[in-house]
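The structure appears below as structure tokens.
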Protein chains: 2
Amino acid sequence: MVTNPGRRRRATIHDVALEAGVSRGTVSRVINDEPYVSAEARIAIEAAIERVGYVPNTAARNLVMQRSQAVGFIVHEPHSLFLEDPNIGEILLGANAALSLADFQMVCLIIDSERDTDRVARYLSGGFVDGVIVVSARKNDPITRIIEKLGLPSAFVGHPPDLRRLPFVGIDNRSSAFAITERLLATGRRRVGMIASALDRDSGADRLAGFTDALGPLFDPALVARVPFYAYADGVKGMRALLAAEPELDGVFAASDAVAAGALEALREAGRSVPGDVGVVGFDDSAWALRCQPLLSTVHQPAAGLGERAAESVLAQLRGEEPELGGILLTTPIVWRDSA
Amino acid sequence: MVTNPGRRRRATIHDVALEAGVSRGTVSRVINDEPYVSAEARIAIEAAIERVGYVPNTAARNLVMQRSQAVGFIVHEPHSLFLEDPNIGEILLGANAALSLADFQMVCLIIDSERDTDRVARYLSGGFVDGVIVVSARKNDPITRIIEKLGLPSAFVGHPPDLRRLPFVGIDNRSSAFAITERLLATGRRRVGMIASALDRDSGADRLAGFTDALGPLFDPALVARVPFYAYADGVKGMRALLAAEPELDGVFAASDAVAAGALEALREAGRSVPGDVGVVGFDDSAWALRCQPLLSTVHQPAAGLGERAAESVLAQLRGEEPELGGILLTTPIVWRDSA
DNA sequence: TTGTACGCGTTATCAA
DNA sequence: TTGATAACGCGTACAA
């Protein structure tokens with residue numbers, strides 16, 4: 001509401017009081033329908049509200065109430081990932097659903113540049129939100145620091161922040177990767193490789209570690225293709241590299257379903273059949289898994305559940321409860337379909 | 001900031017003033033680095049700020065300044081579309097980039113239920129945003145009504161709102177559909193069908209109208225498969241229906257790239273070659289187009305550009321400029337690749 | 001150069 | 001049941 005030529009000033013409680021011939025206190029009572037207001041006063045005030053077109057200024061209310069009834073949801077991803085990763089959307093929706101139930105407004109803030117980082121940090125310290133959910137914080141993130149400094153109730157989703165004292169909700173990527181790899185080996189595959197993505201992040205590094213654990217003595221570093229993102233295009237490239245390195249390959253663990261979808265494409269172009277020649281497994285159980293041909297065997301990541309639990313954690317902290325130490329880990333069932 | 005057991009009260013300007021032994025006015029001047037403050041006072045105050053851990057309360061500042069330096073970005077989509085539609089992400093990023101440049105905070109609000117609608121409406125009228133960008137408003141949307149009532153600077157993206165007096169930025173779906181269909185016909189196809197999605201929305205209806213226009217006397221209503229969403233799964237179903245209705249089909253216009261990707265899958269399962277037996281064209285030029293086999297010929301939708309222009313329109317209105325009557329239409333080049 | 005006092009739009013606490 | 005009046009945290013004329 002900049003001082004704006006065309007637009008008229010918004011009516012305030014004061015205007016309503018004048019119009020109805022009562023005091024501001026009484027108007028306030030009607031608005032928050034509190035008791036102790038006469039029927040006639042109520043009627044007069046409601047009419048006045050209508051006439052002057054009054055809508056309450058929540059920002060002013062928050063100032064005096066010392067709370068905003070809003071929780072921030074911060075997304076901090078590179079372009080490609082933000083657009084490609086179906087998990088983020090589900091996490092978002094899950095968190096929104098839980099906050100909505102508690103009558104909290106979720107405000108989603110995107111960090112896509114250096115400028116954004118500073119501005120969002122200011123926003124968080126500005127008193128606009130009572131708490132915050134963070135998806136994919138970076139190492140040494142200014143956002144993480146400001147959250148700590150403010151003591152803002154928070155929940156990190158996906159993986160724990162640097163300082164393990166901050167609450168988080170996630171999955172055990174290492175165990176999950178171990179489990180699906182073991183399952184793949186149980187089908188009798190002998191030369192199994194991995195397309196490993198996002199090794200600069202916990203999730204990526206942990207999935208590789210789980211894969212390595214499961215293979216044990218069978219592990220061959222030459223059978224690991226490293227690619228930057230959890231993306232389809234990276235899956236294509238990774239699979240080509242793997243096939244070049246080892247034509248006899250008969251199994252692949254892709255770091256995500258999008259990567260697995262890319263791998264299937266590369267296998268098709270190389271004339272390999274799936275699961276006949278090569279067994280393929282992914283990670284996420286996202287929409288990708290069901291649109292692959294053949295349907296993808298994968299690890300189910302409870303994305304909406306992560307969002308919900310993160311929101312519930314923040315709400316609990318707002319009620320004064322202590323957050324779980326060590327974070328919350330959700331279980332990740334294996335979904336076995338046709339690709340292995 | 002609920003009255004919270006563990007968390008200490010946040011320091012205010014008052015605290016800093018006390019600590020530094022000056023008045024609040026001087027502290028305020030230092031914070032907004034205005035002139036007329038002595039070097040010694042500045043130093044003392046900066047030290048005091050550090051000691052008491054002061055961070056400005058932007059919410060309070062906004063109340064007195066009568067502006068929030070924030071613009072809302074409202075997404076109102078059904079689950080499936082929100083997760084599947086790559087355009088939304090690009091629009092979001094485009095808008096964020098433009099707002100960020102002007103030092104405005106973009107706050108994204110998700111509407112996913114009836115509760116959400118009311119809460120978001122309250123949020124908009126609460127003085128938290130100076131303007132708003134809306135993606136896919138519905139007919140008779142309470143959000144649209146509240147925006148009008150408040151006279152909140154706004155920009156609708158994708159298609160015009162019910163009341164054409166509100167500013168919008170979009171593309172000409174009808175002309176674009178006409179152009180790509182004509183191009184498809186120019187390759188010599190004679191039995192051309194369409195998979196039409198989202199006919200309850202302007203974009204969907206307009207694309208069908210453009211298709212009909214282009215076909216002229218060749219148009220055959222039996223060759224239109226109607227599906228609810230711009231989604232992959234709907235493309236598969238639609239294509240199957242089309243093939244059942246007309247085995248001799250040699251061209252298809254899919255209402256979106258995701259739909260086209262589904263159509264390609266159905267064609268593959270039916271043993272048809274593309275573009276040999278059937279030419280396929282899509283709409284959007286999203287990530288889908290490049291991960292199809294063969295690469296998709298399609299209409300380029302400037303999604304990021306839509307977001308940018310919407311943001312710029314809101315910013316212009318905030319400066320007191322009048323919005324363009326009749327909205328802004330961006331051009332949509334045809335991108336011809338391999339699928340037709 | 002600095003301090004004072006008022007206003008932003010609410011809620012909350014008193015007396016009346 | 002109602003009406004003053006004091007907060008909430010800040011910016012800003014105006015006076016000193």
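Note that the coordinates shown come from a computational prediction; the quantities given were computed from them, not determined experimentally. Throughout, protein chains are lettered first and strands after them, A, B, ... in sequence-line order, and every chain is numbered starting at 1. These numbers come from the heavy atoms of this one structure, side chains and all, not from hydrogens, waters or symmetry mates.
For the side chain to side chain contact (heavy atoms under 4.5 Å, CB included) test with B:F73, the passing option among B:L109, B:I91, B:I110 is B:I91; the others fail. Among B:I133, B:V157, B:V135, the one residue that satisfies the side chain to side chain contact (heavy atoms under 4.5 Å, CB included) test with B:L306 is B:V157.
In this structure, the CD1 atom of B:I45 is 12 Å from the C1' atom of C:dG3, given to the nearest Å. A straight line from CZ of A:R67 to P of D:dA7 spans 21 Å, rounded to a whole angstrom. As a whole-Å value, the separation of B:R42 CZ from C:dT1 P is 10 Å. The nearest whole Å value for the distance from the CG atom in B:D33 to the P atom in C:dT1 is 15 Å. The distance between atom CD of B:E34 and atom C1' of D:dC14, rounded to the nearest whole Å, is 14 Å. As rounded to whole Å, 9 Å separates atom C1' of D:dC8 from atom CG of B:N57. D:dA7 atom C1' lies 17 Å from atom CZ of B:R10, rounded to whole Å. Rounded to whole Å, the distance from NE2 on A:H14 to P on D:dT5 is 14 Å.
Side chain of B:P56, nearest nucleotide from D:dC10, C:dT10, C:dT2: D:dC10. For B:S23, taking side-chain heavy atoms from C-beta onward, the closest of the listed nucleotides C:dT10, C:dT4, D:dG11 is C:dT4. In the set C:dA12, C:dT2, D:dC8, the nucleotide with an atom closest to the side chain of A:V64 is D:dC8. The nucleotide whose nearest atom lies closest to any side-chain atom of A:R61 is, among C:dT10, C:dG3, D:dC10, C:dT10. For A:R24, counting side-chain heavy atoms from C-beta on, the closest listed nucleotide (C:dT11, D:dC10, D:dT12) is C:dT11. When distances run from any side-chain atom of B:S38 to the nucleotides C:dT2, D:dC10, C:dG9, the shortest one goes to C:dT2.
Residue A:Y36 places none of its side-chain N or O atoms closer than 4.0 Å to OP1 or OP2 of C:dC14. Contact annotation: B:T26 side-chain N/O to C:dG3 OP1/OP2 distance is under 4.0 Å. At C:dT11, one or more side-chain N or O atoms of A:N32 fall inside 4.0 Å of OP1 or OP2 (strictly under the cut-off). Under 4.0 angstrom from either OP1 or OP2 of C:dG7 there lies no side-chain N or O belonging to B:Q66. Regarding contacts with the backbone of C:dT11, a side-chain N or O of A:S28 is found under 4.0 angstrom from either OP1 or OP2.
Each of B:E40 and B:A60 has a nearest nucleotide on DNA chain C; the 5'-most of these lies closest to B:E40.
Using a 4.0 Å heavy-atom cutoff across all strands shown, A:V55 reaches sugar-phosphate atoms only and no base atom. Here B:P35 lies out of heavy-atom contact (under 4.0 Å) with every strand. A:L63 comes within contact range of at least one nucleobase, with a heavy-atom separation under 4.0 Å. Within 4.0 Å of B:A41, counting heavy atoms only, lie sugar-phosphate atoms of the nucleic acid but no base atom.
The distance from the CG atom of A:L99 to the CZ atom of B:R115 is 11.0 Å, given to the nearest 0.5 Å. Here A:N96 contributes atom CG and B:C108 contributes atom SG; the two are 9.5 Å apart, rounded to the nearest 0.5 Å.
With hydrogens and angles ignored, a donor-acceptor pair closer than 3.5 Å exists between the side chain of B:R29 and the base of C:dG3.
Counted by atom type alone, B:T58 and A:R122 present zero donor-acceptor pairs between their side chains at under 3.5 Å. Side chains of B:S68 and B:N62: a donor-acceptor N/O pair is absent below 3.5 angstrom, by distance only.
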